[in-house]
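All remarks here apply to the structure that follows.
Residue numbers count from 1 along this sequence. Quick caveat: nothing in here was measured; it's all calculated off a predicted structure.
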Amino acid sequence: MKVMVIGGGASGMMAALTASEQNNNEVLLLERQARMGRKLLATGNGRCNLTNRNLTRENYHGELPDFCGYALREFGVEETLAFFHSLGLLTVTEDSGRVYPLSDSANSVADVLRLTLEQRENASIVTGAEVTELRRKKGRFYATAGEQTFEADRVIVCAGGAAGAKLGGTDLGYRLLTSFGHTRTKLYPALVQLRTDTTYVRSLKGVRCDAAVRCGRETGRGEVQFTDYGVSGPVIFELSRAISVGGAEQTLLLDLLPDISAEELTELLQSRCNALPQLKAEDLLTGMLHNRLGRTLLRACGFSLEMPCGEFDREMRTALGKKIKHFALPVFGTMGMDGAQVTAGGIRTAEFDEKTMESRLCPGLYAAGEVLDIDGDCGGYNLQWAWSSGRLAGELRGRK
């Protein structure tokens, strides 16, 4: 049986490898870029957070988030790690549950997949082949890529999502699948930086801090990185999906000393002012926060940096404490699809069989990965969905 996989990302390589395990299959993988797995190479800041041992169904989102459950149970974290170990990849698990290659390089993950696929006698790879049309005639599929036409008995669409265009993000998969009658939800950028009011954050560019973060009902804790356009960092990525979907007029609240209560902080400030009355205000928060962050908070309160700490009265200390515990940043939006790591939304999963990944509208047509309306939290969950769904699709179970 001839099997065509469209897309050489994480789910596509997994689907192709799985399909090629069946010796009677002849597998062709078509990748539009010159190299497979470019987005994979950028994950985890180039380290490739390939899964997470703390995975639950609650880490996934979409119109029908339960759709991902079967694939994740059939080929879960342990099965995924066993698969990669069988390819020669060594991994390490951090305390957070995140799993990385022992080499600390995403290239290791992409390379073991590529090298294994290249060694399969019944599999072939064509790069630089952008499929612009996919049609079905008399039970067979025909894909047009430039001047070439490829045919197959089964097709697995793993073309990814619209996020990260510079790394290969595209709407290609949506276009191919909607040509068969499939529909998609609205698309939003997820795992993305936030644009905020820059009155104070512009001067903080490059500063990082541990903070408790809240936006509406969404909360998180972790590293925040200030930028010239707003904020970034792991905890920002975790909240960004909800903020992206939530629309305009939102406010991000940062607790910059989350392990100290408001009362303890007020007492700490009073104690410091009493002990060092001649200390300039610009140094009041030295040792508590990054110097630039401390000075920015004082300015945000309207205090002179030259004022002696001894002149801080109770009301001023309380105001400063509140600013530290509730540093408010109006959110203007996200850095968009180009800046996003993942697309929230996609082809509706109700139109696919969760136990096979086969289309309910077109026999022999499958889909996996980000092209579908399933996205995960930050921390290896999206790659696990790619591995699990790609594996299930590549088994080509089909209809009875």
Run the side chain to side chain contact (heavy atoms under 4.5 Å, CB included) check on D375 and T343 step by step: do they pass?
-> CA-CA 7 Å; D375 64 284; T343 310; over 6 Å; no

Ion pair present between D255 and K325, side-chain N to carboxylate O less than 4.0 angstrom?
-> yes

Do NZ/NE/NH1/NH2 and the carboxylate oxygens of E31 and R114 come within less than 4.0 Å?
-> no

Not counting sequence neighbours, list each pair that qualifies as a salt bridge (charged side-chain N to carboxylate O under 4.0 Å, His left out) and has a residue in [range].
| range | result |
| --- | --- |
| residues 297-310 | K280-E306 |
| residues 2-11 | none |
| residues 182-197 | none |

Measuring from atom [atom1] of [X] to atom [atom2] of [Y], what distance do you get when rounded to the nearest 0.5 angstrom?
| X | Y | atom1 | atom2 | answer |
| --- | --- | --- | --- | --- |
| E79 | T51 | CD | OG1 | 10.5 Å |
| D111 | M36 | CG | CE | 9.5 Å |
| T266 | R314 | OG1 | CZ | 7.0 Å |
| E282 | R292 | CD | CZ | 14.5 Å |
| S389 | E370 | OG | CD | 10.5 Å |

Decide if atom CG of D313 counts as having more than 12 heavy atoms of other residues, nucleotides or ligands within a radius under 6.0 Å.
-> yes

How would you list, by chain and number, every residue that makes a side-chain contact (heavy atoms from CB on, under 4.5 Å) with [X], sequence neighbours excluded?
| X | value |
| --- | --- |
| A106 | L41, C48 |
| E151 | R140, Y142 |
| T334 | P189, V192, L194, S244 |
| S124 | L28 |

Just jot down the salt bridge (Lys or Arg N to Asp or Glu O under 4.0 Å) partners of [X], sequence neighbours excluded, or say none.
| X | value |
| --- | --- |
| E311 | none |
| E74 | R397 |
| D373 | none |
| D95 | none |

Flag the pair V155 / L176 as yes when at least one side-chain heavy-atom distance between them is below 4.5 Å, and no otherwise.
-> no

Is the closest side-chain heavy-atom distance between R35 and T127 below 4.5 Å?
-> no

Considering non-hydrogen atoms only, spot the tightest contact between [X] and [Y] and give its length.
| X | Y | answer |
| --- | --- | --- |
| C301 | L320 | SG-CA, 3.9 Å |
| S388 | A71 | CB-O, 3.5 Å |
| L191 | S240 | N-OG, 3.0 Å |

Can the ring centres of W387 and F83 be said to be less than 6.0 Å apart?
-> no

Please step through side chain to side chain contact (heavy atoms under 4.5 Å, CB included) for the pair V201 and T227, ending with a clear verdict.
-> CA-CA 7 Å; V201 301; T227 70; over 6 Å; no

I would like to know whether N274 and S271 meet side-chain hydrogen bond (donor to acceptor under 3.5 Å, both in side chains); could you show each step before the answer?
-> CA-CA 5 Å; N274 291 341; S271 175; over 6 Å; no

Return each pair, listed once, that meets side chain to side chain donor-acceptor pair (under 3.5 Å) where at least one residue sits in residues 7-18; pairs must be two or more places apart or across chains.
-> T18-R391

ILVMFWY network linking V371 to L29, side-chain heavy atoms under 4.5 angstrom | yes

Under the salt bridge (Lys or Arg N to Asp or Glu O under 4.0 Å) criterion, do R57 and D66 qualify, and how do the steps go?
-> CA-CA 7 Å; R57 214 292 294 143; D66 288 338; 2.8 Å; yes

Test log, rule side chain to side chain contact (heavy atoms under 4.5 Å, CB included), inputs F67 and M357 = CA-CA 10 Å; F67 176 86; M357 308 305 292; 3.8 Å; yes

